[in-house]
Amino acid sequence: LHGNDSSALICNLSLLISAFCVENVTLPSFTNKSFTLLVPFQEMIIKSSVSFSKELFFSVQGSNGPALFLSSQELLLDENVLPLGLKMFKNGSNRCLTVWLILPRNWIKKVGNQFPPFLCLNFATFEVGNTTNPVIKCRSLKSFGSDTSQPEKYEKEFIVLGVYTPVLAIISIISAVFSYLKKLFQKWKENHPEIPLSDTTAWTRHSFYSYLLDGFHKFTYRELSLATKDFHYSETLGTGRYASVYRAIFPGSNATYAVKRFDQSPTSKFSFEIEATAIHRLQHDKILELRGWCDENLNEPILVYDYMPNKSLADALWNREQLLWPHRYKIAVGVAEALVYIHEECSPKVIHGDVRDGNVMLDADFNPKLGDFGLAMSGPPYILWRETTELDPPECQLNAFVTEKLDVYLYGSMVLRLCCERTQGLTIFIMFLRNLKLEGELLRVVDRRLGGNYNEEEMLRLLNVGLLCLEEDIQKRPSMKQVLQILTSEGDTEELVL
Ligand SMILES: Nc1ncnc2c1ncn2[C@@H]1O[C@H](COP(=O)(O)OP(=O)(O)OP(=O)(O)O)[C@@H](O)[C@H]1O
C-alpha cells in the first residue's frame with residue numbers, strides 16, 4: 001500500500017473513501033483520500049462491505065499505456081489497457097464490490113502470457129456532485145513510487161493551458177463537422193435500431209464486448225430481426241429470468257440458430273456480460289456452442305447459439321413424450337463431462353453456478369449441451385451472484401464465495417430428476433432416499449413414467465451418485481471427475497459408490 005497519494009487525480013468533486021479489504025488484509029479506513037494499491041496480479045480482489053448509494057469510479061493502470069477508467073456505469077478502454085470487470089453484489093445485508101480482471105484474447109495475444117507480477121491500481125470513490133463528467137488524471141506507471149506532489153500553481157496553469165485550450169479547439173472542430181455527421185447519422189439510423197452514438201457508456205460497452213467476443217461472428221440486428229420474424233412470439237423457444245430465446249432461420253443458408261436476446265433490465269445486461277465472459281473461452285462437445293453475437297442495441301444485447309431441436313432437459317422431462325432411459329443416462333454422463341471440462345480442464349476453472357434441467361439443452365439425438373452461463377464464475381473470485389435457493393448446498397447460505405462443489409451438489413439434484421418422478425422438498429426427499437438405500441429399496445423411487453423400461457444397474461448407479469453429490473459436507477462430495485468415473489466404469493456399483 002503506497003500512502004495517501006492524491007496526485008493521481010484532479011477532481012472538483014468530494015472524495016469519499018471507505019474501508020477496503022484485499023483478500024484477508026483489512027486496510028485502514030480512508031476519508032477524503034485516494035490511494036494506490038499494489039497487489040499481486042493473481043490476487044487482485046477488492047471487496048468492500050460499505051453500502052454504495054453513490055456512483056463509483058475507478059482508475060486502473062496496466063503495465064504500459066494510459067489508464068482505464070471504470071465506473072459502475074462505464075468502462076473506457078484504450079488499446080494498451082487491461083479491461084476490468086466490476087460488479088456490486090449483495091452479501092447478507094451488505095453490498096459488496098468486486099473488481100476483477102478480464103483479459104481479452106487479443107490482449108493476451110499481444111503480450112503473450114507474461115503478466116506483470118504486480119499491477120498498480122489507483123483506487124478512489126467519488127461522490128458525484130453537479131458535474132456529470134469528473135476529470136480524473138492518472139499518473140503514468142513510470143512515476144510510480146516517485147514524489148508526485150506538484151505546486152498547486154503549476155496544476156492550475158496546466159489545467160488552463162493544457163486542458164481548456166485543446167478542449168476549446170476540439171469543440172470548434174467538432175461543431176464544424178457536426179452537421180455533416182448528423183446527416184450521415186440520420187441516414188444510418190434508418191437501417192438500424194436506436195443507439196446512443198454520442199454516449200460514452202455505449203462506446204465503452206461496445207469496445208468491451210468486442211474485446212470479449214473477438215473472433216465470433218458479429219451479426220447485424222437487421223439479420224437477426226429478419227431471421228426471427230421481428231422477434232415474433234411464434235418463434236419463441238423459451239423465456240428465462242434474463243432473456244428470451246428465439247428460433248432464427250437464416251433465409252440464404254437455411255441455417256437455424258437460437259437467438260438469446262437479453263432483457264432491458266440492468267441484471268440482464270450483467271448476465272449477458274457474465275455469459276459472454278465465460279462462454280467465449282469454452283469449447284467442448286457437451287457445451288452449447290456460441291455462434292455469434294450482436295450489440296447494436298445495447299439495451300438488449302444478443303448471443304447466438306446452436307439451435308437445439310429438443311430444447312431443454314426440463315422441457316423434455318416434464319412437457320412432452322417420455323424421455324427414454326438410455327437418453328437419460330447419456331444426458332447424465334454428458335453433463336458430467338461438461339462439468340469436468342470447466343472444473344478441471346479450463347484455466348482458470350469455471351464454476352457454472354446454475355446447473356439444472358432448464359439449463360441443459362438437447363440436440364436432435366438427445367445429446368446434452370450445458371448452456372446458460374449467465375451466472376457462471378469464470379475465475380477467482382468465485383462469488384455466487386444470485387440469491388441462494390433451497391436447492392443450494394449449505395455452504396452457500398453461509399458464504400458468498402463458492403467452490404466447484406456447488407456445481408457437484410446442483411448436479412446431484414439434476415440427476416435425481418432424471419431418475420425420480422418427483423423431487424420436491426429436496427432436503428426431506430434426500431433423507432427419504434437415504435433411508436430407502438439402507439433398506440435396499442432405492443428402486444422404489446424410480447420414475448413410473450418409464451414404465452419399468454430402464455437398466456437397473458445404471459439406475460442404481462445414478463441414484464447413488466446423486467446421493468453422493470448431495471452430501472451436505474463439502475469434503476464428502478466427490479469431484480465431477482470421480483462422478484464421471486463412477487458413471488462410465490465397468491465395476492460393481494456398490495464398490496464404486498461406497
Ligand atoms: N440453443 C437453444 N435451442 C433451443 N432452445 C433453447 C436454446 N437455448 C435456450 N432455449 C430455450 O429457452 C429457454 C430459456 O433460455 P435460457 O435458460 O438460456 O435463458 P435465461 O434467461 O438465462 O434463463 P434462466 O432463467 O434459466 O437463467 C430454455 O429453457 C430453453 O427452453
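Below, all heavy atoms of this structure are taken into account, side chains as well, without hydrogens, waters or symmetry copies. Numbering of ligands and ligand atoms starts at 1, following listing order. No experiment lies behind these values; they were computed from the predicted model shown.
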Check your understanding: Do ligand 1 and Met361 have nitrogen or oxygen atoms that lie under 3.5 Å from each other?
Key -> no

Point to revise | Donor-acceptor contact present, side-chain Asn299 to main-chain Gln264, <3.5 Å | key: no

Exercise for review: Identify, for atom 23 (O) of ligand 1, the protein heavy atom at the shortest distance, and state residue, atom and that distance.
Suggested key: Gly240 CA, 3.2 Å

**Study point:** Lys369 near ligand 1 by a heavy-atom separation under 4.0 Å
**Key:** no

Practice item. Record the part of Leu237 in heavy-atom contact with ligand 1 below 4.0 Å; permitted values are side chain, backbone, both and neither. Key: both

Exercise for review: Using modelled atom types only, decide if a donor and an acceptor are shared between the side chain of Glu289 and the backbone of Asp306 within a distance under 3.5 Å.
Suggested key: no

Review point. So is there a nitrogen or oxygen of Tyr307 less than 3.5 Å from a nitrogen or oxygen in ligand 1?
Key: no

Review point. Considering residues at least two apart in sequence or located in another chain, which fulfil the side chain to side chain donor-acceptor pair (under 3.5 Å) criterion with Asp447?
Key: Arg328, Arg449

Study note, to complete from the structure: Nearest heavy-atom approach of Phe219 to Gly292 is CE1-CA, 3.6 Å

Point to revise | Parallel, tilted or perpendicular: rings of Phe429 and Phe432 (30°, 60°) | key: tilted

Check your understanding: Can you tell me which residue and heavy atom of the protein come closest to atom 15 (O) of ligand 1, and the distance to 0.1 Å?
Key -> Val245 CG2, 3.4 Å

Review point. If you measure from NE2 on His327 to CG on Asn310, what distance do you get to the nearest 0.5 Å?
Key: 8.5 Å

**Study point:** Cation-aromatic face contact Arg261/Phe231, 6.0 Å, 45 degrees
**Key:** yes

Check your understanding: Does the Tyr454 side chain pair with the main chain of Leu324, one donor and one acceptor, at a distance under 3.5 Å?
Key -> no

Point to revise | Nitrogen or oxygen of Lys260 less than 3.5 angstrom from that of ligand 1 | key: yes

Exercise for review: Considering only non-hydrogen protein atoms, determine which one is nearest to atom 31 (O) of ligand 1 and report residue, atom name and distance to 0.1 Å.
Suggested key: Asp315 OD2, 3.0 Å

Review point. Nearest to atom 13 (C) of ligand 1, what protein heavy atom do you find, and at what distance?
Key: Gly238 CA, 3.7 Å

Exercise for review: Compute the centroid of each ring, for Phe250 and then for Tyr257, and state whether the two points are separated by less than 6.0 Å.
Suggested key: yes

Revision key, fill the gap. Here the salt bridge (Lys or Arg N to Asp or Glu O under 4.0 Å) pairs for residues 232-246, sequence neighbours left out, are Lys229-Glu235, Glu235-Arg247, Arg241-Asp354

Review point. Can you tell me which residue and heavy atom of the protein come closest to atom 29 (O) of ligand 1, and the distance to 0.1 Å?
Key: Gly358 O, 3.5 Å

Practice item. Could you tell me which atoms of ligand 1, counted from 1 in the order shown, lie closer than 4.0 angstrom to a heavy atom of Leu288? Key: 1 (N)

Point to revise | Minimum-distance protein heavy atom relative to atom 25 (O) of ligand 1 | key: Arg241 N, 2.8 Å

Review point. Where does Arg356 meet ligand 1, judged by heavy-atom distances below 4.0 Å: at the side chain, the backbone, both, or neither?
Key: side chain

**Study point:** Min N/O separation Met308 to ligand 1 under 3.5 Å
**Key:** yes

Exercise for review: Identify, for atom 27 (O) of ligand 1, the protein heavy atom at the shortest distance, and state residue, atom and that distance.
Suggested key: Asp372 OD2, 2.8 Å

Study note, to complete from the structure: atom 2 (C) of ligand 1: closest protein heavy atom, distance to 0.1 Å, is Ala258 CB, 3.4 Å

Check your understanding: Has Lys349 got its NZ or CZ under 6.0 Å from the middle of the six-membered ring of Tyr382, at an angle within 45 degrees of the ring axis?
Key -> yes

**Study point:** Atom indices of ligand 1 within 4.0 angstrom of Ala243 heavy atoms, with elements
**Key:** 21 (O)

Review point. For ligand 1, which part of Asp306 has a heavy atom less than 4.0 Å away: the side chain, the backbone, both, or neither?
Key: backbone

Check your understanding: How about Tyr242 and Phe270: are their ring centres within less than 6.0 Å of each other?
Key -> no

Practice item. Answer yes or no: does an N/O atom from Asp354 fall short of 3.5 Å to an N/O atom of ligand 1? Key: no

